[in-house]
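Below is one structure, written out as structure tokens; comments come after it.
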Amino acid sequence: MNRILILIIAILCFSSCNNKEKNRNLMYCQSEIKIEEYPDSSFFSNITCMTYYKNKIYVLDKKRGDIVALSDNLKEMEYVSKHGEAPYETTWPFTFNVLNDTVYVVDFGTKSMKKFHGGVFYGDFSLSNANENRFSLNDSLIFLSANTDSTSFLMIDKYHPNKQIPMGKVVREKTPFKTIISNKKHILYDQGKGIFSISNCYPYIEQYNIHGEYIKTFDISSIPIIKEATEIAKKNSNKEKSVYIYIRDAYLANDHIYILCSSRSSSGDYRVNTILKLSINDEMKHISTYILPHDIYSSFCVSDTYLFASQEVAGVTIEKIKIGDEKSNTE
């Protein structure tokens with residue numbers, strides 16, 4: 001009898017340890033501080049892109065048509081660009097990035113890439129193609145998300161910007177139109193690893209070298225939230241003019257790719273509040289899953305110890321969320 005009791009206790013303990021291991025990387029986050037207003041007391045309305053650079057959070061509000069830079073305590077704000085029809089303003093900005101204190105903005109209103117330095121217009125050049133997803137750059141090249149029915153990004157020479165070379169693989173669908181709308185990708189860059197291409201609606205991450213040459217594909221379909229989303233996507237695969245987008249944003253920082261995913265709750269409620277952390281040095285190993293405090297987020301960026309995210313549930317607010325030591329935050 002005692003042996004049976006000991007065996008039962010051992011089994012329960014083993015099961016408990018397994019459950020802890022299963023949930024080891026799941027972290028429920030809480031915001032430390034947040035901001036919802038501009039200095040003139042007007043509100044954020046539609047934040048579509050955020051980037052962290054040198055202790056500042058750069059934020060694009062698509063509806064307002066401007067970009068601002070926030071201090072990392074969210075207490076100070078300065079304008080990078082303002083909305084307007086003048087050449088030195090942004091007409092319809094959709095996405096941007098920052099390098100060497102210069103902000104590069106894709107302006108759909110003028111079909112151009114505009115540059116700002118210290119809040120001052122610094123020049124522009126025309127774009128042959130572009131979409132609203134993230135793009136990346138280094139000292140000499142811009143890797144711009146710009147999809148067709150056969151390529152997924154443009155490689156642009158910063159010193160000769162008329163040289164815009166289409167690169168990148170696509171997943172071919174039944175028609176060219178379906179292929180185009182299904183292959184919008186976030187283009188991320190790491191100095192050591194090269195270019196990473198992350199689709200809105202496929203469970204794959206592609207890697208390219210600095211010359212845009214394909215290296216390999218990482219399959220992330222085994223991650224539970226991605227697996228569930230692909231099942232939903234399959235049900236919508238026959239719709240010619242629409243796709244089910246479940247990767248809403250992506251970001252590369254500190255040797256990791258962070259992916260903002262949509263999901264459905266057990267009751268069917270739509271949510272965009274899960275961020276996956278994947279290691280670029282370990283075959284895209286799934287390191288952590290962050291559950292953000294609200295249900296719907298539009299964009300985010302990451303520093304060494306914090307995540308900054310824009311939520312859209314009750315008004316638009318930017319939240320500062322501690323992500324530091326993952327083991328200490330484990331549920």
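Numbers for residues simply follow the sequence, beginning at 1. Since the model is a prediction, treat every value here as computed from it, not as a measurement.
In plain terms, the two heavy atoms of Tyr270 and Ile245 that are nearest each other are OH-O, 4.4 Å. Residue Leu144 comes nearest to Ala130 through the heavy atom pair CD2-CB, 4.0 Å, listed as atom of the first residue, atom of the second, then distance. Residues Ser152 and Lys169 come closest through the heavy atom pair OG-O, 3.3 Å.
Side-chain N/O atoms of Thr90 and Ser81 include a donor and acceptor closer than 3.5 Å. For the residue pair Glu206/Tyr204, the side-chain donor-acceptor check at 3.5 Å is not satisfied. A side-chain donor from one of Thr148 and Thr151 sits under 3.5 Å from a side-chain acceptor of the other. There is no side-chain donor-acceptor pair under 3.5 Å between Asn281 and Ser279.
Counting heavy atoms of neighbouring residues, nucleotides and ligands inside a 6.0 Å radius, atom CD of Gln191 does not exceed 12 of them.
Between Glu228 and Glu231 the shortest side-chain heavy-atom distance does not fall below 4.5 Å. A heavy-atom distance below 4.5 Å is not found between the side chains of Ser299 and Thr48. Counting heavy atoms from C-beta outward, Arg172 and Ser150 have side chains that approach closer than 4.5 Å. Using a 4.5 Å heavy-atom cutoff, the side chains of Phe153 and Tyr208 are in contact. The shortest side-chain heavy-atom distance between Ile223 and Leu276 falls under the 4.5 Å cut-off. Side-chain contact check for Pro293 versus Glu319: some heavy-atom pair is nearer than 4.5 Å. Inter-residue side-chain proximity for Val103 and Thr51 is flagged as unmet; no heavy-atom pair is nearer than 4.5 Å. Taking 4.5 Å as the limit, some side-chain heavy atom of Met77 sits within range of a side-chain heavy atom of Ile35.
One finds a salt bridge joining Asp107 and Lys114 here, because a Lys/Arg side-chain nitrogen approaches an Asp/Glu carboxylate oxygen to under 4.0 Å.
Looking only at distances, a side-chain donor or acceptor of Asn209 sits under 3.5 Å from a matching main-chain atom of Glu213. In this structure, the side chain of Thr274 does not engage the main chain of Ile291 through any donor-acceptor pair within 3.5 Å. Here the side chain of His256 pairs a donor or acceptor atom with the backbone of Asn254 at under 3.5 angstrom. Remark: side-chain polar atoms of Tyr202 are not paired, donor with acceptor, to backbone N or O of Ile205 under 3.5 angstrom.
Cation-pi geometry between Lys320 and Tyr306 is satisfied (NZ or CZ under 6.0 Å from the ring centre, within 45° of the ring normal). Annotation: cation-pi pair Lys82/Tyr79 present, NZ/CZ under 6.0 Å from the ring centroid and within 45° of its normal. Geometrically, Lys241 does not engage Phe177 in a cation-pi contact defined by less than 6.0 Å to the ring centre and at most 45° from the axis.
Evaluation of the side-chain contact (heavy atoms from CB on, under 4.5 Å) rule for Lys184 yields Asn131, Glu132, Asn133, Asn147, Asn200 as partners, not counting sequence neighbours. Residues satisfying the ring pair (Phe, Tyr, Trp, His ring centres under 6.0 Å) criterion with Tyr244, sequence neighbours excluded, are absent altogether. Partners of His286 by side-chain hydrogen bond (donor to acceptor under 3.5 Å, both in side chains), not counting sequence neighbours, listed by chain and number: Thr289. Residues passing the ring pair (Phe, Tyr, Trp, His ring centres under 6.0 Å) test with Tyr38, sequence neighbours excluded: Phe44. Under the ring pair (Phe, Tyr, Trp, His ring centres under 6.0 Å) criterion, Tyr189 pairs with Phe143, not counting sequence neighbours. With sequence neighbours excluded, the residues satisfying side-chain contact (heavy atoms from CB on, under 4.5 Å) with Lys63 are Ser45, Asn46, Asp61. Applying the side-chain contact (heavy atoms from CB on, under 4.5 Å) rule to Glu283 yields the partners Lys216, Phe218; only residues at least two apart in sequence or on another chain are considered. Remark: Lys235 engages no residue in a salt bridge (Lys or Arg N to Asp or Glu O under 4.0 Å) (not counting sequence neighbours). Every residue was checked against the side-chain hydrogen bond (donor to acceptor under 3.5 Å, both in side chains) condition with Lys178, not counting sequence neighbours, and none meets it.
Ser136 OG to Ile195 CD1: the interatomic distance, rounded to the nearest 0.5 Å, is 8.5 Å. Here the OG atom belonging to Ser41 is positioned 7.5 Å from the CZ atom belonging to Phe43, to the nearest 0.5 angstrom. Here the CG atom belonging to Leu70 is positioned 5.0 Å from the CD1 atom belonging to Ile318, to the nearest 0.5 angstrom.
Pairs engaging residues 249-261 under the salt bridge (Lys or Arg N to Asp or Glu O under 4.0 Å) rule: Arg134-Asp249 [sequence neighbours left out]. Residue pairs satisfying the salt bridge (Lys or Arg N to Asp or Glu O under 4.0 Å) criterion with at least one member in residues 135-159, sequence neighbours excluded, are absent.
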Donor-acceptor pairs are to be reported for all side-chain atoms of residues 117-124 against protein atoms at under 3.5 Å, with residues two or more places apart or in another chain.
unit_1: His117; atom_1: ND1; unit_2: Asp101; atom_2: O; d: 3.3
unit_1: His117; atom_1: ND1; unit_2: Thr102; atom_2: OG1; d: 3.1

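At a threshold of 4.5 Å between side-chain heavy atoms, the hydrophobic network of Ile, Leu, Val, Met, Phe, Trp and Tyr places Ile57 and Ile67 in two separate groups. The same ILVMFWY cluster, assembled from side-chain heavy atoms under 4.5 Å apart, contains both Tyr246 and Leu260.
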**Message:** Determine whether Leu278 and Ile280 satisfy the following criterion, side chain to side chain contact (heavy atoms under 4.5 Å, CB included), listing intermediate values before the conclusion.
**Reply:** CA-CA 6 Å; Leu278 312 175; Ile280 66 171; over 6 Å; no
